[in-house]
Amino acid sequence: MKRTLKRIGQILLSILITLILIVAGFVIYLTAAEFKPEPVETLEIGGEAQKTLQAGDSLSVLSYNIGYGSLDKTQDFFMDGGKNVRPETDENVRSNIAGIGRIIKEADCDVQFLQEVDKSSKRSYFVDQTASLSSLIGGTSAFAVNYSCPYVPFPLPTIGKVQSGLLTLHSFGAKSAQRIALTGTYTWPVRVAQLKRCLLVERVPLEGSDKELVLINLHLEAYDDGDAKQIQTEELLKLLTEEYEKGNYCIAGGDFNQTFSEIDASKYPLVDPSYWKAGTLSSNILPDGWRFAVDDSAPTCRLLNQPYSGDRAKTQFYVIDGFIVSPNVEVKAVNVIETDFQYTDHNPVKLEAVLEK
């Protein structure tokens, strides 16, 4: 009997050691494969320009978080209190990307700032959304990776491989595109399977001038305690003010994962105190003459704790998408395009502006 118990103990110990070695080996693998971008990286610009730009011209810009083609109205998400990791089939993703493409084309903007665009990810059935949307919209394209991991080991079923990022499409000929790294606050080992946030910065030369239009596509931290968003916002503002001091025109847009002091917060109250609460960006942080260009006539985002039934009283909404513009950019209009969250958990926001002479 003692010999049998000893044998069982040895077997269990062997199993435990094996499991520890497997987990340790996997962590070592992910650590070795961790995405470690440089502070500044030059990006390839694809496609061909269709228009030129000069001071005095008007232009339109669309910001749209497309939820990697997988967060349509039928979906929830485990990080928001739901349970899903991805849709049931790749047809969901392809249908959503087609619908998102139609919305973008109907908006008919000169510039598109797109966030959460997957290039090669298990969560979106490896559909290359960068290629399909670039081909559909035309003009030029630049893609900046902000999430790259060979295998994200959570939840169950796991997220698996992810390659995703920011995609900027526009009609103008940019002379350069860069990935500018933002500071993150995650530490090892969680860091190895987390996003590495960044700015996608493009410079469009203005005809008859040595000035540029600086376009910045952004997606700031989401599930941190607020410290990372604050640091990243400060880094964004530093870059913007430096460019404006050179005499350039600046438009930054995207998903701030924060709401804005300009909106009427009472329109979209917290339905449940346990839900994710967006911090508020005050216009006081902006230098004189700068402004947030935002609209609260419709929400720009919904919480993914459950599928969207259309029952607005039971849905948590936010206004967290919009723009920052420099003093030499005149805002003519900014509007949320109401899509009723058909294809993604965000509504696009359209800015119409003029580059002042």
Side-chain angles (χ1 to χ4, degrees), residues 37-43 53-59 61 63 111 113 115 142 144 146 166 168 170 172 174-185 196-206 209-221 224 226-263 278-294 320-332 334 349 351-357:
E38 296 296 324
V40 180
E41 295 184 347
T42 299
L43 303 174
L53 194 62
Q54 61 185 8
D57 284 351
S58 60
L59 74 158
V61 185
S63 175
V111 180
F113 292 149
Q115 302 89 40
N146 66 9
L166 308 173
T168 298
H170 62 80
F172 311 115
K175 71 177 186 181
S176 69
Q178 292 179 315
R179 182 195 190 279
I180 309 294
L182 293 172
T183 299
T185 56
K196 304 297 193 300
R197 303 283 180 173
C198 68
L199 304 174
L200 198 174
V201 181
E202 288 196 70
R203 299 174 178 278
V204 178
L206 301 184
S209 169
D210 61 351
K211 308 306 181 186
E212 300 169 333
L213 169 62
V214 181
L215 297 169
I216 302 180
N217 186 353
L218 62 96
H219 187 189
L220 303 186
E221 201 66 67
D224 69 312
D227 289 344
K229 279 191 280 286
Q230 180 178 345
I231 295 169
Q232 292 168 5
T233 301
E234 291 170 354
E235 292 171 338
L236 168 65
L237 292 176
K238 182 176 183 293
L239 175 61
L240 287 169
T241 52
E242 288 174 350
E243 292 299 332
Y244 178 63
E245 287 170 359
K246 298 175 186 176
N248 293 329
Y249 298 79
C250 302
I251 300 176
D255 180 350
F256 288 81
N257 272 313
Q258 299 164 94
T259 192
F260 310 91
S261 59
E262 284 81 356
I263 75 160
T280 300
L281 284 172
S282 170
S283 57
N284 293 334
I285 68 172
L286 299 177
D288 289 344
W290 290 76
R291 63 170 291 188
F292 291 116
V294 294
I320 57 175
D321 304 84
F323 303 90
I324 300 176
V325 300
S326 54
N328 51 3
V329 176
E330 180 185 358
V331 175
K332 290 295 187 180
V334 57
V349 186
L351 169 72
E352 297 175 71
V354 174
L355 305 183
E356 295 179 346
K357 287 186 176 181

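Predicted, not measured: the structure shown is a model, and the values here were computed from it.
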Nearest-0.5 Å distance that lies between atom [atom1] in [X] and atom [atom2] in [Y]:
X      : Y      : atom1 : atom2 : answer
Leu59  : His170 : CG    : NE2   : 10.5 Å
Asn257 : Leu218 : CG    : CG    : 10.0 Å
Leu220 : Leu236 : CG    : CG    : 6.5 Å
Asp57  : Glu356 : CG    : CD    : 13.0 Å
Cys250 : Phe323 : SG    : CZ    : 14.5 Å
Asp224 : Ile231 : CG    : CD1   : 9.0 Å

Are Gln115 and Asn217 close enough that a side-chain donor and a side-chain acceptor fall under 3.5 Å?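 There is such a pair (donor and acceptor under 3.5 Å, judged by atom type) between the side chains of Gln115 and Asn217.
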Any ion pair linking Lys246 and Glu212 (charged N to carboxylate O, less than 4.0 Å)?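 Answer for the salt bridge query: no.
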One thing to verify: whether Glu234 and Lys238 come together as a salt bridge, which I'm taking to mean a side-chain N less than 4.0 angstrom from a carboxylate O.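 Salt bridge flag = no for Glu234 with Lys238.
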Locate the shortest heavy-atom distance separating [X] from [Y]; write the atom from each residue and the value.
X      : Y      : result
Gln232 : Glu221 : OE1-N, 2.9 Å
Gly322 : Val294 : CA-CG1, 4.1 Å
Ala293 : Val331 : CB-CG2, 4.2 Å
Gln54  : Leu355 : O-CD1, 4.2 Å
Cys198 : Leu166 : O-CD1, 3.7 Å
Arg179 : Arg197 : NH2-O, 4.1 Å

Hey, could you give me each pair passing salt bridge (charged side-chain N to carboxylate O under 4.0 Å, His left out) that has a residue in residues 252-263? Not counting sequence neighbours.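 Listed by first then second residue: nothing to list.
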Within the distance-only criterion (no hydrogens, no angle test), does the side chain of Asn328 pair as donor or acceptor with the backbone N or O of Asn248 below 3.5 angstrom?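 Judged by distance alone, yes, a pair lies under 3.5 Å.
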Test your reading of the model: is there a side-chain donor-acceptor pair from Ser261 to the backbone of Ser283, 3.5 Å cut-off?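 Judged by distance alone, yes, a pair lies under 3.5 Å.
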Does Phe292 form a side chain to side chain contact (heavy atoms under 4.5 Å, CB included) with Ile263? I'd like the steps, not just the answer. CA-CA 10 Å; Phe292 291 116; Ile263 75 160; over 6 Å; no
Candidate pair Phe113 and Leu215, rule side chain to side chain contact (heavy atoms under 4.5 Å, CB included), full reasoning: CA-CA 9 Å; Phe113 292 149; Leu215 297 169; 3.9 Å; yes
Is there a side-chain contact between Ile324 and Leu237, using heavy atoms and a 4.5 Å cut-off?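 A side-chain contact under 4.5 Å exists here.
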Give the C-alpha distance, both sets of side-chain angles, the deciding distance and a yes or no for side chain to side chain contact (heavy atoms under 4.5 Å, CB included) between Glu330 and Val325. CA-CA 8 Å; Glu330 180 185 358; Val325 300; over 6 Å; no
Please verify the inter-ring angle class for Trp290 with Tyr244; under 30° counts as parallel, over 60° as perpendicular, anything in between as tilted.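 Answer is perpendicular, since the angle exceeds 60°.
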If you apply the rule side chain to side chain contact (heavy atoms under 4.5 Å, CB included), what do you find for Phe256 with Ile320, and how did you get there? CA-CA 6 Å; Phe256 288 81; Ile320 57 175; 5.5 Å; no
